[in-house]
Amino acid sequence: MRLLLTSDTHVPKRAKAVPPQLLDAVARADVVVHAGDWTDAATVDLLESRARRLIGVYGNNDGPAVRARLPEVARAELDGLRLGVVHETGPAQGRERRCADRFPDLDVLVFGHSHIPWDTTAESGLRLLNPGSPTDRRRQPYCTYVTARITDGRLTEVELHRLPSRQ
């Protein structure tokens with residue numbers, strides 16, 4: 001099973017559109033995961049129309065239209081992998097322990113908010129992934145998203161993809 005992980009698209013506030021490279025990757029994925037801060041329902045509609053399956057949550061910058069459609073926390077079992085999605089996980093210091101305590105029933109937690117790619121594993125075995133942002137790199141050198149596979153109930157082939165910065 002092929003996954004695409006993204007977050008913090010911020011369309012149309014910080015970017016005019018979802019990058020075409022990301023939309024191409026959406027078409028190749030079996031499941032698209034978005035960890036919030038869409039900022040408009042049209043972006044939810046766009047990814048929903050192109051994804052085979054979309055799992056998403058709302059973020060702190062999402063208004064009533066997005067919050068009415070998406071939960072704060074999403075969970076799914078995908079080919080034996082227990083996946084969770086949330087927008088915010090708090091400060092980087094102590095994140096692994098905090099998330100492992102909050103989500104003891106997950107194998108992987110996808111989160112956003114910081115726009116900073118993150119890939120660590122808590123002592124409990126919970127893997128924490130932040131795909132960064134495909135539209136707003138903030139202090140990072142590149143805009144990013146992540147692809148991965150689920151193989152035999154495990155997350156494999158995790159790859160961070162760089163996108164050109166928006167002009």
Side-chain angles (χ1 to χ4, degrees), residues 1-9 18-38 43-44 46-59 70-90 92-138 140-165:
M1 177 178 287
R2 294 170 304 210
L3 303 179
L4 178 135
L5 313 177
T6 192
S7 186
D8 297 284
T9 44
V18 174
Q21 300 93 325
L22 183 66
L23 291 176
D24 290 345
V26 164
R28 293 188 299 272
D30 296 307
V31 179
V32 174
V33 176
H34 191 299
D37 274 5
W38 310 72
T43 304
V44 179
L46 175 65
L47 291 190
E48 214 167 43
S49 72
R50 293 185 182 220
R52 289 183 185 97
R53 179 176 179 186
L54 178 65
I55 301 169
V57 297
Y58 67 77
L70 300 171
E72 180 180 11
V73 176
R75 297 168 187 265
E77 187 168 320
L78 304 171
D79 282 353
L81 182 88
R82 299 169 304 167
L83 177 82
V85 188
V86 66
H87 184 63
E88 294 186 61
T89 59
Q93 185 171 4
R95 179 175 285 143
E96 287 81 7
R97 167 167 265 157
R98 201 170 45 252
C99 290
D101 290 346
R102 183 176 174 196
F103 301 103
D105 57 331
L106 297 180
D107 300 311
V108 175
L109 179 67
V110 179
F111 67 97
H113 188 60
S114 68
H115 301 211
I116 299 170
W118 185 279
D119 184 355
T120 58
T121 302
E123 285 184 21
S124 68
L126 174 67
R127 187 154 182 192
L128 300 160
L129 289 169
N130 184 328
S133 170
T135 58
D136 184 12
R137 65 184 180 89
R138 284 202 184 151
Q140 301 304 299
Y142 301 98
C143 293
T144 57
Y145 68 94
V146 167
T147 58
R149 286 189 181 268
I150 299 174
T151 307
D152 298 326
R154 294 181 320 116
L155 195 67
T156 62
E157 299 179 39
V158 176
E159 183 178 348
L160 181 69
H161 299 268
R162 296 173 176 180
L163 292 167
S165 297

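Just so you know, these numbers use all the heavy atoms, side chains as well, and skip hydrogens, waters and symmetry mates. What you see is a predicted model; the values in this text were computed from it and never measured.
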For [X] and [Y], which heavy atoms make the closest approach, and how far apart are they?
X	Y	answer
Leu70	Tyr58	O-CD2, 3.1 Å
Arg98	Gly90	NH2-C, 3.4 Å
Thr144	Gly132	OG1-CA, 3.4 Å
Ala74	Gly56	CB-O, 4.1 Å
Gly112	Ser7	CA-OG, 3.3 Å
Leu160	Pro131	CD1-O, 4.1 Å

Side chain of His115, backbone of Asp136: donor and acceptor closer than 3.5 Å?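 Yes; at least one donor-acceptor contact below 3.5 Å.
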Applying side-chain contact (heavy atoms from CB on, under 4.5 Å) between Val31 and each of Leu78, Leu5, Asp79, report the one that passes.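 Answer to the side-chain contact (heavy atoms from CB on, under 4.5 Å) test with Val31 among Leu78, Leu5, Asp79: Leu78.
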Angle between ring planes, His161 versus Tyr145, binned at 30° and 60°: parallel, tilted or perpendicular?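 Ring orientation, 0 to 90° scale: parallel.
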Nearest 0.5 angstrom please: [X] [atom1] to [Y] [atom2], how far?
X	Y	atom1	atom2	result
Glu88	Asp37	CD	CG	7.5 Å
Leu22	Leu47	CG	CG	7.0 Å
Asn130	His113	CG	NE2	10.0 Å
Arg52	Asp30	CZ	CG	5.0 Å
Arg50	Arg28	CZ	CZ	12.5 Å
Leu83	Leu3	CG	CG	7.0 Å

Assess whether atom CD of Glu123 is packed by more than 12 heavy atoms of other residues, nucleotides or ligands within 6.0 Å.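 Result for CD/Glu123: open.
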Hey, is CG on Asp24 packed in by over 12 heavy atoms from elsewhere, all under 6.0 Å?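 Yes, because the 6.0 Å sphere around CG of Asp24 holds more than 12 heavy atoms from other groups.
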Enumerate, atom names and distances included, each donor-acceptor pair closer than 3.5 Å involving a side-chain atom of residues 102-111, sequence neighbours excluded.
from: Asp105; atom 1: OD1; to: Arg75; atom 2: NH1; distance (Å): 2.8
from: Asp105; atom 1: OD2; to: Arg75; atom 2: NH1; distance (Å): 2.8
from: Asp107; atom 1: OD1; to: Arg82; atom 2: NE; distance (Å): 3.4
from: Asp107; atom 1: OD1; to: Arg82; atom 2: NH2; distance (Å): 2.8
from: Asp107; atom 1: OD2; to: Arg82; atom 2: N; distance (Å): 2.8
from: Asp107; atom 1: OD2; to: Arg82; atom 2: NE; distance (Å): 3.2

Would you say [X] and [Y] make side-chain contact, with heavy atoms under 4.5 Å?
X	Y	result
Asp8	His87	yes
Val146	Val158	yes
Asp119	Arg127	yes

Can you name the side-chain hydrogen bond (donor to acceptor under 3.5 Å, both in side chains) partners of Thr151, sequence neighbours left out?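 Thr156.
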Hey, which of Thr43, Thr9, Thr6 is the one that makes side chain to side chain donor-acceptor pair (under 3.5 Å) with His34?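 It is Thr9; the other options fail the test.
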Results of salt bridge (charged side-chain N to carboxylate O under 4.0 Å, His left out) for Arg95 - residues two or more places apart only: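 Testing Arg95 for salt bridge (charged side-chain N to carboxylate O under 4.0 Å, His left out), a comparison that skips the adjacent residues, returns none.
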